[in-house]
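Read through the structure below, which is laid out as structure tokens, and then see the notes.
Just so it is clear, the model here is predicted, and its values are computed rather than measured. Worth knowing before you read on, the calculation uses all heavy atoms, side chains too, and leaves out hydrogens, waters and symmetry mates. Here is how names work: the chains are called A, B, and so on, in the same order as the sequence lines, proteins then strands, and each is numbered from 1.
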Amino acid sequence: MIFPFLRGFPSFDKAPFTWMFLILNVLIYFICSDVRVNESAMRKVSKEAYVVFTGELYRQYQTQVRKPSNLNAWYNLKTEQSSYVLGGMALRDFEFLQQADRFQFVGDPVAVVEWKKDIHDFIDYMQERPITIFGLSSFQSSWRNWITYQFMHGSFVHLFSNMIILLLFGFVIEAAFGGLILSGLYLLSGLMGALFFVKFSGFSGAPMIGASGAISGLIAFYAVFELRKRVQFVYFLSPIKGYYGYTYLPTWVILPICFATDIGAFLTTPIELGGVAYGAHIGGAILGASLGFFGRRKAAAESVLGHSSRLHKLL
Amino acid sequence: MVIEDLSQADLSARLSKHNQDIIPLSQERFLAFAFDIILTLPIYMILSFPVVKKLNLVQLFAPQSNVWIFYFGSAVFLYFIFYTFYQAVFLYYQGATFGKMFFKMKVKSLNNQELTWGQCLARSFVWSFQWFFAAAPFLEVISHDERRAAHDRVAETKVVSLKQNQEHQKPMLVEKAFVRMLLSTGFMLLLLWTSTWIVAGVKNSEFELFSKISENNPYCSLEKEKKMDFESLLVTLMFDSTAKDCVDFEINSQFKYKKESTLTYVAALLSHQYDFVKYEKYKDLLCAQNAEWCAWAQLNGKFIQKKMTSEDLKRIPQLNASYLTQFWGVKVLSETSHFNESDRLLRAFQVKPEHVIYYTSLKFKNRIAAGDTASAKNFFDILSQMGDAEQLQSLQKTLQEYDNRVQQASPAKIRAPASEKNL
């Protein structure tokens, strides 16, 4: 494990905007995790037999309504395993869930009627959950959700990892360019991440949440702006002495470490089955890298004219 | 001029002093390898994404198929090619891979000259190829004197440390012997396991995955072998001798492919008879189709809810004369202690060979209840010849209980049990 440690964790007075973003994320996480929603509908649809049955109905819907070309072989494969996978896809397909009521399914009539009723309950449950209300999905896709999703997290580990990176990169960017630039970069990267998610990652009923897209933008911005500068990286390879510590590597190393995996996973994960919003990471990173590139050119022009950038002064 | 005495005993020790290369720690070799994998895997995924994407899909939809074996094999082969070239190119131009550079190691030729393309390719190829043998030869790094595993020996190279303050890390004698023994045994076992896994994988895979849709009911192999028709299958369900999953699969298939008939609804009723809400829904659908079966469904509903009256019991023999309803009637009469009526009905129809065992056991129970021990024992003997161990065990228990009662109670009571009811 190796990650950039840059200048470490700042105190509040050194990076107030970074800390404000962090506090906002943490507060929203704890407020939302306190909201209790009746989970009975979710428990019902999560049962294996239910998912398999949903998959069988989804297969009918797909072959009759959408007539997919790329997944034809899989829709024709009428095994329990394939029905289970299709069932998982169906429960994330909001369009299907909404149209299911009007669709004439072939199958056990009693079971189909019961299934439709359960799906109604499931849609209600989905719409009540905070992560659906504030996350970006085909359930909720108003302009507000494009902003609010950037401050929502699904689990403590998700929140913790994002906030650590936010502190490290937010600090150096805020110290060099100021809080407003940091805020703009955070929000714009998040919006770009959302755009990529919507366009390329399959806009499903499963909500996208997390500051990852925005943070990817911060990382890419810094890495491109300071491409050749050597910064501190912390590594942990083994608990034996000598196999953990820190080293100084060029900033560009951050790009393959952080984004090669994202690009690889984005290209190899089928859109219909995507769990992690790799597209959002890449979208945020592209915006951050582009801004970093233009910032770098501007800074280079300034230094030719005799002005040195604030970042260069700082670092 | 002083000529050195080359016959001295410590010659090899003295000669090795001339060789200033430091052998790196074995754990550093493994960490460098891990570092390389972490760095190259995303690049490999980007370069070979069509294959890996397809593998991900197949992994989900049909993990035990020949298609999965094909794509998995392709992905492994591509990684083999990719990693071989990655290693060879970096060895030729840098003398080390990324991981080795990070841990300050270098690959050197034994003749102390620059590495040639041949050496780099041979070393990389053998290194990658070892993974097909569960990486066992690669583990020689732990036990070899100079930590030269197969790939180093083939290419006549060695890995040296560039760290100035590091000492030689040769393995101890005991460690060497132990690791070698462990490796040779482990290697054989792994080879055996891998070949078994491959053979089993190929054997169990679905070879005609895309050309043929499997319609086989995975739960009904026994019934399929006996070539039982659907009605006969339902009789076995009535006696709890068929897995419910088997019948459910048949019901679903019939609904799914629009092959449903009255019997499909009857089957659905029997399958959901303990869920009264569902039972009523299926009953409504059945009643819309067939009035005779509707009458049966109403009686069955009452029987399950234990609300049967004597009037209802009298209606049993008047039900439609289907095989299923007659068997059902015999069972219900027997379970409601109307043994004579049950016996009378039992005599009235031809039992199919696959149900003789239920027929005989019902006869046996009826005879026991009627106190006709001799006849009951005859039926028991017939059942013994049929050889259904589980059923026999249960019937033997019934017989034993009956014998105990005979010993304890008066003979008159046994001949005319108090529980016997007449319609």
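- With no hydrogens or angles considered, no side-chain donor-acceptor pair links B:Tyr265 and B:Asn290 at under 3.5 Å.
- At a 4.5 Å heavy-atom cutoff, B:Ile38 makes no contact with chain A through either its backbone or its side chain.
- Looking only at heavy-atom pairs under 4.5 Å with chain A, the residue among B:Ile43, B:Leu55, B:Ile46, B:Asp284 that has the most is B:Ile46.
- Side-chain polar atoms of B:Gln254 and B:Thr264 form a donor-acceptor pair below 3.5 angstrom.
- Contact tally against chain B (heavy-atom pairs below 4.5 Å) for A:Val113, A:Thr261, A:Asp108: the top residue is A:Asp108.
- At least one side-chain heavy atom of B:Leu269 sits under 4.5 Å from a side-chain heavy atom of B:Leu286.
- Between A:Val51 and A:Gly88, the shortest heavy-atom contact is CG1-N, 3.6 Å.
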